[in-house]
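Structure, as C-alpha cells:
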Amino acid sequence: MVYQGLIEKYKDFLPVNNRTPIISLYEGNTPLIPANNLLKKLRFDGKIYFKFEGMNPTGSFKDRGMTIAVSKAVENGSKAVICASTGNTAASAAAYAAKAGIQCVVLIPEGKIAMGKLSQAVIHGAEVLSVDGNFDETLNLVRELSGQYPVTLVNSINPFRIDGQKTAAYEICESLGQSPDYQFMPVGNAGNITAYWKGYKEYAEAEPKKYSLPKMMGFQASGSAPLVEGYPILNPETIATAIRIGNPVSWKYAEEARDESGGIIDKVTDDEILNAYTLIAETEGIFCEPASAASIAGLIKCIRHEYFDKLNPVKIVCILTGHGLKDPDTVLANAVKLKKIKSVKADIKDIISAVEL
Ligand code: AN7
C-alpha cells in the first residue's frame with residue numbers, strides 16, 4: 001500500500017480510533033542512512049547509521065507527534081492549539097493546524113530561534129508571539145493559559161506527542177531487522193528520548209526474539225545541560241538554540257530511559273557541536289541543524305574516550321532530529337569566520353586564481 005503517514009501505518013499501536021480525523025502531511029518513513037565515510041574518518045570498527053528526521057514534511061521529528069496531537073485535538077472538538085517553542089514545535093504545530101483548519105498560537109523566546117523555523121510559523125498562518133523570556137518561562141505561560149482557556153497544549157507534555165514520536169523507534173527496528181546496540185540523540189525538553197525508549201520497549205515486548213533494547217545515549221549542550229549537572233539551569237545558552245532548555249519537562253523519564261537502558265546522558269560543547277555538524281556535512285553530504293549534531297558530537301566523544309569495547313563491533317544509530325536548512329545563519333556566520341566564501345570578479349582569470357581546478 002502507498003505510504004499515507006504514520007497514523008495510518010501504525011494505528012494499532014496508537015491511541016486513535018475510527019472516529020479520529022487523521023490530520024497528516026505523510027510524516028515519518030524517514031531514511032536510515034549508513035554513514036560509511038564517517039566510519040572511515042573516525043576509524044571506527046562497527047556500524048553507524050543516521051536516522052534523518054530532517055526529511056519530515058516540516059523538516060524535523062516534531063511532525064511525528066504533531067500529527068496525532070492535532071488529530072486528537074480536532075477529535076475532541078478543539079478549535080485552537082498553543083505551544084511554547086525553540087522553533088521546530090512551532091513550525092510543525094503551525095503546519096498541522098493549517099491542514100486541520102484550526103487556530104495556532106505559538107510563543108517563542110525572543111531572538112533565540114532559527115530563521116527558517118520562524119518563517120515556517122509565519123507562512124502557515126500561526127499567531128506568533130515573541131516573548132521576552134527563555135523557553136522554560138514561555139512553557140510555564142502556555143501551560144497556565146491552556147489550563148484556563150479552550151486551547152489545546154501541543155508541547156510534549158501532551159501524551160499524544162510522545163506516542164507519535166515513538167514510531168521512529170519502530171521504523172529503526174524494522175529497517176535494521178533488529179534493534180541497534182546504541183542510540184545517540186540530542187536532549188532538550190527530553191520528550192524525544194522518552195518517546196524512543198517507549199517505542200523500543202514496545203517492540204521488544206511484542207517480539208522479544210527479534211528485538212532487544214538499545215542503550216540510550218543522550219547529549220545536551222554544555223551551556224544547557226540540566227540533566228548532566230543535576231539541577232535546572234536558569235539562563236541556558238548554546239548555539240544549538242533548539243536545545244536551549246534549562247528545565248526539561250520530561251526530566252524524570254529521561255533519567256528512566258538512561259538508567260533502564262544502561263546508557264548515559266552527557267554534554268558536548270558548542271565547538272564540538274559545530275565540528276560534528278561540519279564534519280558530517282562534508283563527509284556524508286548530510287546537512288542537519290546544530291542541535292541534531294549533538295548526537296554526532298556525543299558519538300565522537302565516546303569513541304575518543306574508548307567507550308566501546310573494541311573486540312565487539314556495535315551497531316549505532318544517531319538521530320538527526322532536524323534539517324540544516326532551518327538555520328542557515330549558523331553556517332554563514334561560521335563560513336565568513338572561516339573565510340570559506342571568497343569574493344571574485346566576473347572574470348575567468350580571477351576565478352581560476354581563487355580555486356584550483
Ligand atoms: C532539532 O521545538 O523543544 O528533547 O520547542 O528542535 O524532545 O525536547 C525542540 C527540540 C532536538 C530536543 N533536536 O528534543 C521545540 C523544541 C531538535 C529540536 C530537540 C529539539 P526534546
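Being a predicted model, the structure only gives us computed values, none of them experimental. All ligand and atom numbering here is 1-based and tracks the order in the structure. FYI, side chains are in, hydrogens and waters are out, and symmetry mates aren't considered; it's all heavy atoms of this structure.
A salt bridge links Glu237 to Arg244: one of the charged nitrogens lies within less than 4.0 Å of a carboxylate oxygen. Looking at Asp181 and Lys215, no side-chain N of the basic residue comes within less than 4.0 Å of a carboxylate O on the acidic one, giving no salt bridge. Between Arg304 and Glu272, no side-chain nitrogen of the basic residue sits less than 4.0 Å from a carboxylate oxygen of the acidic one, so the salt-bridge criterion is not met.
In terms of protein heavy-atom proximity, atom 18 (C) of ligand 1 is closest to Ala242 CB, 3.5 Å. Among all protein heavy atoms, the one lying closest to atom 5 (O) of ligand 1 is Thr86 N, 2.8 Å. Among all non-hydrogen protein atoms, the one lying nearest atom 10 (C) of ligand 1 is Lys62 NZ, 3.2 Å. The nearest heavy-atom contact from the protein to atom 14 (O) of ligand 1 is Phe61 CZ, 3.5 Å. Given atom 7 (O) of ligand 1, the protein heavy atom at minimum distance is Asn192 N, 2.8 Å.
Here salt bridge (charged side-chain N to carboxylate O under 4.0 Å, His left out) pairs that include residues 28-45, with residues two or more places apart or in two chains, number zero. Sequence neighbours left out, the pairs with a member in residues 17-37 that pass side-chain hydrogen bond (donor to acceptor under 3.5 Å, both in side chains) are Asn17-Thr20, Asn17-Glu75, Thr20-Glu75, Ser24-Glu27, Glu27-Tyr96, Thr30-Lys51, Thr30-Glu53, Thr30-Arg64.
Taking 4.0 Å as the cut-off, Ile245 counts as a neighbour of ligand 1 on heavy-atom distance. Distances shorter than 4.0 angstrom do not occur between any heavy atom of Ser60 and any atom of ligand 1. Residue Ser156 places every heavy atom at 4.0 Å or more from ligand 1. Residue contacts with ligand 1 leave out Lys117, since none of its heavy atoms falls under 4.0 Å from the ligand.
Interface of Ser85 with ligand 1, defined as ligand atoms under 4.0 Å from a residue heavy atom, comprises 2 (O), 5 (O), 15 (C). Close approach of ligand 1 to Thr89 is summarised as follows: ligand atoms under 4.0 Å from at least one heavy atom of the residue are 2 (O), 5 (O), 15 (C), 16 (C). Applying the 4.0 Å criterion to heavy atoms of Glu289 picks out, from ligand 1, the atoms 1 (C). Near Gly191, with a cut-off below 4.0 Å to any heavy atom, the atoms of ligand 1 are 4 (O), 7 (O), 21 (P). Here is the list of ligand 1 atoms found below 4.0 Å of a heavy atom in Val187: 4 (O). Using a 4.0 Å cut-off to heavy atoms of Asn189, the atoms of ligand 1 that qualify are 4 (O), 8 (O), 21 (P). Shown in contact with Asn88 at under 4.0 Å from a heavy atom are these atoms of ligand 1, numbered in order with element: 1 (C), 2 (O), 6 (O), 17 (C), 18 (C).
No more than 12 heavy atoms of other residues, nucleotides or ligands lie within 6.0 Å of NZ in Lys99, so this atom counts as exposed by the packing criterion.
Using a distance-only test at 3.5 Å, with no hydrogens or angles considered, a donor-acceptor pair links the side chain of Glu137 to the main chain of Asn134. Using a distance-only test at 3.5 Å, with no hydrogens or angles considered, a donor-acceptor pair links the side chain of Asp309 to the main chain of Leu311.
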Gln178 vs Lys315, side-chain hydrogen bond (donor to acceptor under 3.5 Å, both in side chains): CA-CA, chis, key distance, verdict: CA-CA 10 Å; Gln178 61 184 137; Lys315 194 170 283 177; 2.5 Å; yes
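Between Phe13 and Tyr10, the ring-plane angle classifies as perpendicular under the 30° and 60° cut-offs. Taking the six-membered ring for Trp and thresholds of 30 and 60 degrees, Tyr277 and Phe287 have ring planes inclined between 30 and 60 degrees apart.
Residue Gly188 has at least one N or O atom closer than 3.5 Å to an N or O atom of ligand 1. Between Pro186 and ligand 1, no pair of N/O atoms sits closer than 3.5 Å.
Among Ile243, Thr321, Val106, the residue whose heavy atom sits closest to atom 19 (C) of ligand 1 is Ile243.
Here the two rings, on Tyr182 and Phe308, have centers that are under 6.0 Å apart.
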